[in-house]
Protein chains: 2
Amino acid sequence: MDTETARERLLDAAATLFNERGVQAVGMDAIRGASGVSLKRAYQLFPSKTDLVEAVLQRRDLEVRSDIAALTATRESPAERVLALFDHLHHWFGQPDFRGCVFINSFGEMGGTSAGVADIARAHKEAVRNRLGELVAEAGGSSVLAAQIAMLADGAMVSAAMTGSAEPARQAKEAARVLLRSGAPGG
Amino acid sequence: MDTETARERLLDAAATLFNERGVQAVGMDAIRGASGVSLKRAYQLFPSKTDLVEAVLQRRDLEVRSDIAALTATRESPAERVLALFDHLHHWFGQPDFRGCVFINSFGEMGGTSAGVADIARAHKEAVRNRLGELVAEAGGSSVLAAQIAMLADGAMVSAAMTGSAEPARQAKEAARVLLRSGAPGG
DNA sequence: TTGCATGGAGAACCAGCGTTCTCTAGGGTA
DNA sequence: TACCCTAGAGAACGCTGGTTCTCCATGCAA
């Protein structure tokens, strides 16, 4: 197995297990079992579990941002581009393994003890909020409106994770539509 | 030290430490140190750490619900009663030890491995949403509107915890006001 | 074939945790 | 004073986790 493959398998296995059980409840041995990569190799690629955790979060950050880029590329009006994010959330919430946002979850679990995790989670939410700010601005809305819509999205993730339903995405989308209409004259 | 005092001290110490560091990162020994209650006594009152964790969450559930009751008793119009919740959030977010909602945090940490924690967190959010539903109904709004406002509140908690700012409460309040105006003709 | 580098399986090591046990001190009672 | 009950301090126990080490199999070079 080549280095890049081992790396990917470790990140995939760790991401899946962290999503299911949280970070601290997952041992390196479980990651070895799920990935098929030996502990020796794993520690060559990621010198500590902390490095692996942070790499999982960094990779997920890139994935989410690229999903947003792909999504918004296909819509015509600025407001539609913003609202399309909630369609994406709806699809995500419907996945059988959906258990919430890994940044919200790991910040809640380790934000108080791990500055690295806290920083990555904070930076991710900020990056998403900034991108949303651009989209909202194109629709004629302010950065406060973008922050409000971001809160709707985060709240929908929490609610969907807890209830096991995808419905919060639809409700949040309608709320975002109202806010856009009210706060973004051009939308 | 009498039994009730020991119980309160344990719950206080555990709640503080869980808030700071998460649940799993806090050992029973740290709770003993912070509470001044010996391990022997602690295990007489709470037969396992799981029982203590659940008791902390249950107590916090009652506290939040009674805060909501107290808050809403002092406002006149139904819409003001709903919006007052966000003033309360703003005050809470400004506390130096604020680190987010313990139900969101512990659900993220242990929702996948502890059915007890998941159930309590879910029940708490549902109870708050139901109470909010009554308030919103008095303002002429639907239960969907209540769910949307609840998502704003949860999103504000997440955002405030991550950024360390109380501002999300104000922004969420303004968004809730817009939604109420738009969806609750009488508000 | 011999020597050597690589890498995997799994044991080993050390620390931390939940839980229980031991030992001792104190205080009330006969 | 002698006895007994309670309760606390802290050690002990068993387990798990992160990390490292040992041992062995494999494959390649000379």
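Just so we're on the same page: letters track the sequence lines, and every chain starts at 1. Worth saying up front: this structure is predicted, and the values here are computed from it rather than measured.
In this structure, the CZ atom of A:Arg41 is 12 Å from the P atom of C:dT6, given to the nearest Å. Remark: C1' of C:dT19 and CD of B:Gln44 are 13 Å apart, rounded to the nearest angstrom. Distance A:Leu52 CG to D:dT19 C1': 14 Å, rounded to the nearest Å. The interatomic distance linking A:Leu45 (CG) with C:dG8 (C1') rounds to 14 Å, in whole Å. Protein atom CE of A:Met110 is 11 Å distant from nucleotide atom P of D:dG18, rounded to whole Å.
Ring geometry for A:Trp92 against A:Phe98 counts as perpendicular: the plane angle is over 60°, on a 0 to 90° scale with 30° as the lower cut.
Counting only heavy atoms from C-beta on, B:Leu39 has its side chain closest to D:dA11 among D:dG18, C:dA9, D:dA11. Of the candidates D:dT19, D:dA9, C:dG8, C:dG8 carries the atom nearest the A:Ser38 side chain, counting heavy atoms from C-beta on. Among the nucleotides C:dT20, C:dG8, D:dT19, the one closest to any side-chain atom of B:Tyr43 is C:dT20. With D:dA7, C:dT19, C:dA11 as the choices, the nucleotide that has an atom nearest any side-chain atom of B:Lys40 turns out to be D:dA7.
Of the residues in residues 2-35 of chain A, not one comes within less than 4.0 Å of DNA chain C through any heavy atom.
Closest of all the heavy-atom pairs between A:Glu54 and A:Val117 is OE2-N, 4.1 Å.
Of the charged side-chain nitrogens involved, none lies within less than 4.0 Å of a carboxylate oxygen, so that A:Arg99 and A:Glu20 do not count as a salt-bridged pair. Under the 4.0 Å criterion applied to side-chain N and carboxylate O atoms, A:Arg122 and A:Asp119 are assigned as salt-bridge partners. We find that A:Arg129 and A:Glu126 are not joined by a salt bridge, their nearest charged nitrogen and carboxylate oxygen being 4.0 Å or further apart.
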Show me the donor-acceptor pairs within less than 3.5 Å that the side chains of residues 24-33 of chain B make with the rest of the protein, sequence neighbours left out.
unit_1, atom_1, unit_2, atom_2, d
B:Gln24, NE2, B:Glu109, OE2, 3.3
B:Asp29, OD1, B:Arg32, NE, 3.2
B:Asp29, OD1, B:Arg32, NH2, 2.9

